[in-house]
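Note that the numbering runs from 1 along the sequence shown for the chain.
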Amino acid sequence: MKKQVLFIHSAGPQGNRQGSSGLIDHLQERLGEAYHVLSPGMPDPDYALWKAQIANEIKALDGEVLLVGHSLGGSILLKYLSEEDGQLTVSGLFLIAAPYWGKDDDWQNEEYALSDSFVSKLPHLPNLYLYHSRHDPVVPFAHAQHYAKQLPQAVTRAYEGDDHYFREGLPELVDDIKRL
């Protein structure tokens, strides 16, 4: 049976060479036939709509799943996991350039913000990874540092460049997934 990877993409257009499309393509290609990468279309950025879409996607899965969230998709996926009581076994959670809402002036939005006690409400996550560029022009690296402080069990992979979209892929993500 193929391993299931649910990829929740970034906000905005997802056409060819837009948003998370390059990252998704790279992941599908590099993981190969042993993995089934699902990257559903998401509605306009609205937490209630994304929450409903994620719930529908998760209901369609059975067994263990690997969850990948890019940018807004990462922050919403983490919020969803901390608020919903799912029956899904999550083998790994991979957050790429995810904003930590409410931590600085440019990233204030109650709709996306995590509760103060979100960590205690998360399901068991045996493998948790954070990927972020130190000079990300979209989501500041400080957001990854906020997550790392709240989630000390997470493996944090910091990149010296200024990549946010990782259009050419993220080889470490592929390696981390294959190690599980």
Side-chain angles (χ1 to χ4, degrees), residues 5-14 17-24 26-27 39 42 44-51 54 66-84 90-177 179-180:
V5 178
L6 177 60
F7 189 109
I8 305 300
H9 64 67
S10 61
Q14 296 299 313
R17 303 280 307 156
Q18 294 179 311
S20 304
S21 64
L23 186 53
I24 293 166
H26 180 264
L27 191 60
S39 55
M42 299 298 284
D44 288 335
D46 172 280
Y47 180 68
L49 296 175
W50 280 46
K51 176 181 166 181
I54 290 169
L66 301 162
L67 300 174
V68 180
H70 180 218
S71 196
L72 179 65
S75 61
I76 288 182
L77 193 54
L78 190 61
K79 181 175 174 75
Y80 176 86
L81 290 172
S82 72
E83 292 180 350
E84 300 303 314
V90 179
S91 301
L93 176 62
F94 306 85
L95 303 177
I96 306 160
Y100 196 119
W101 296 93
K103 285 296 184 183
D104 62 41
D105 291 343
D106 292 335
W107 293 90
Q108 297 296 319
N109 188 323
E110 285 298 315
E111 179 181 24
Y112 303 136
L114 296 164
S115 72
D116 291 339
S117 60
F118 85 93
V119 173
S120 67
K121 296 175 183 177
L122 287 171
H124 175 64
L125 298 170
N127 299 287
L128 178 57
Y129 292 83
L130 308 171
Y131 307 84
H132 213 113
S133 293
R134 291 189 187 278
H135 305 287
D136 186 324
V138 179
V139 179
F141 184 69
H143 292 234
Q145 294 171 313
H146 294 310
Y147 281 124
K149 184 176 180 182
Q150 292 295 316
L151 303 163
Q153 76 276 26
V155 174
T156 302
R157 303 218 187 278
Y159 301 92
E160 291 306 320
D162 61 355
D163 208 345
H164 177 76
Y165 294 102
F166 298 97
R167 288 186 175 102
E168 302 304 316
L170 196 52
E172 294 85 355
L173 171 63
V174 174
D175 293 344
D176 291 337
I177 289 173
R179 268 196 282 282
L180 302 186

Please check if atom CD in Glu110 has more than 12 non-hydrogen atoms from other residues, nucleotides or ligands closer than 6.0 Å.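 Counting other residues, nucleotides and ligands, CD of Glu110 stays at 12 neighbours or fewer.
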
Can you confirm whether Asp175 is buried at CG, in the sense that more than 12 heavy atoms of other residues, nucleotides or ligands lie under 6.0 Å from that atom?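 Yes, the 6.0 Å shell around CG holds more than 12 heavy atoms from other groups.
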
Atom [atom1] in [X], atom [atom2] in [Y]: separation rounded to 0.5 Å?
{"X": "Leu27", "Y": "Ile177", "atom1": "CG", "atom2": "CD1", "answer": "4.5 Å"}
{"X": "Leu173", "Y": "Phe94", "atom1": "CG", "atom2": "CZ", "answer": "6.5 Å"}
{"X": "Leu180", "Y": "Tyr129", "atom1": "CG", "atom2": "OH", "answer": "5.5 Å"}
{"X": "Ile54", "Y": "Ile76", "atom1": "CD1", "atom2": "CD1", "answer": "6.5 Å"}
{"X": "Arg167", "Y": "His26", "atom1": "CZ", "atom2": "NE2", "answer": "14.5 Å"}
{"X": "Met42", "Y": "His9", "atom1": "CE", "atom2": "NE2", "answer": "6.0 Å"}

Quick check: Tyr47 with Tyr112 (ring centres under 6.0 Å apart)?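 Aromatic pair excluded; centres sit 6.0 Å or further apart.
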
Distance flag, aromatic centroids of Trp101 and His146, threshold under 6.0 Å: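 Between Trp101 and His146, which both carry aromatic rings, the centre distance is not below 6.0 Å.
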
Checking side chain to side chain contact (heavy atoms under 4.5 Å, CB included) for the pair Leu93/Leu122: CA distance, chi angles, key distance, verdict? CA-CA 11 Å; Leu93 176 62; Leu122 287 171; 5.8 Å; no

For a quick test of reading the model, state the closest non-hydrogen atom pair linking [X] to [Y] and the distance between them.
{"X": "Ala113", "Y": "Lys79", "answer": "O-NZ, 2.7 Å"}
{"X": "Ala148", "Y": "Thr156", "answer": "CB-OG1, 3.7 Å"}
{"X": "Ser117", "Y": "Ser120", "answer": "O-OG, 2.8 Å"}
{"X": "Ala11", "Y": "Leu72", "answer": "CB-CD2, 3.6 Å"}

Please examine the side chains of [Y] and [X], heavy atoms only from C-beta on, and report whether any two atoms are closer than 4.5 Å.
{"X": "His70", "Y": "Ile24", "answer": "no"}
{"X": "Tyr131", "Y": "Asp163", "answer": "no"}
{"X": "Tyr100", "Y": "Trp107", "answer": "no"}

How would you list, by chain and number, every residue that makes a side chain to side chain contact (heavy atoms under 4.5 Å, CB included) with Asp136, sequence neighbours excluded?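 Applying side chain to side chain contact (heavy atoms under 4.5 Å, CB included) to Asp136 gives Ala97, His132, Ser133, Val138, Val139, His164.
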
How would you list, by chain and number, every residue that makes a side chain to side chain contact (heavy atoms under 4.5 Å, CB included) with Gln108, sequence neighbours excluded?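 Once residues adjacent in sequence are excluded, Gln108 has no partner under the side chain to side chain contact (heavy atoms under 4.5 Å, CB included) criterion.
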
Please check: side-chain N/O of [X] versus main-chain N/O of [Y], any donor-acceptor pairing under 3.5 Å?
{"X": "Glu111", "Y": "Asp46", "answer": "no"}
{"X": "Glu84", "Y": "Ser82", "answer": "no"}
{"X": "Asn127", "Y": "Ser91", "answer": "yes"}
{"X": "Ser10", "Y": "Gly19", "answer": "no"}

Go through the steps to decide whether Ile8 and Leu67 satisfy the test side chain to side chain contact (heavy atoms under 4.5 Å, CB included), and finish with yes or no. CA-CA 8 Å; Ile8 305 300; Leu67 300 174; over 6 Å; no

Report the C-alpha separation of Phe7 and Leu77 in whole Å, then their side-chain angles, then the decisive distance to 0.1 Å, and conclude whether the side chain to side chain contact (heavy atoms under 4.5 Å, CB included) test is met. CA-CA 10 Å; Phe7 189 109; Leu77 193 54; over 6 Å; no

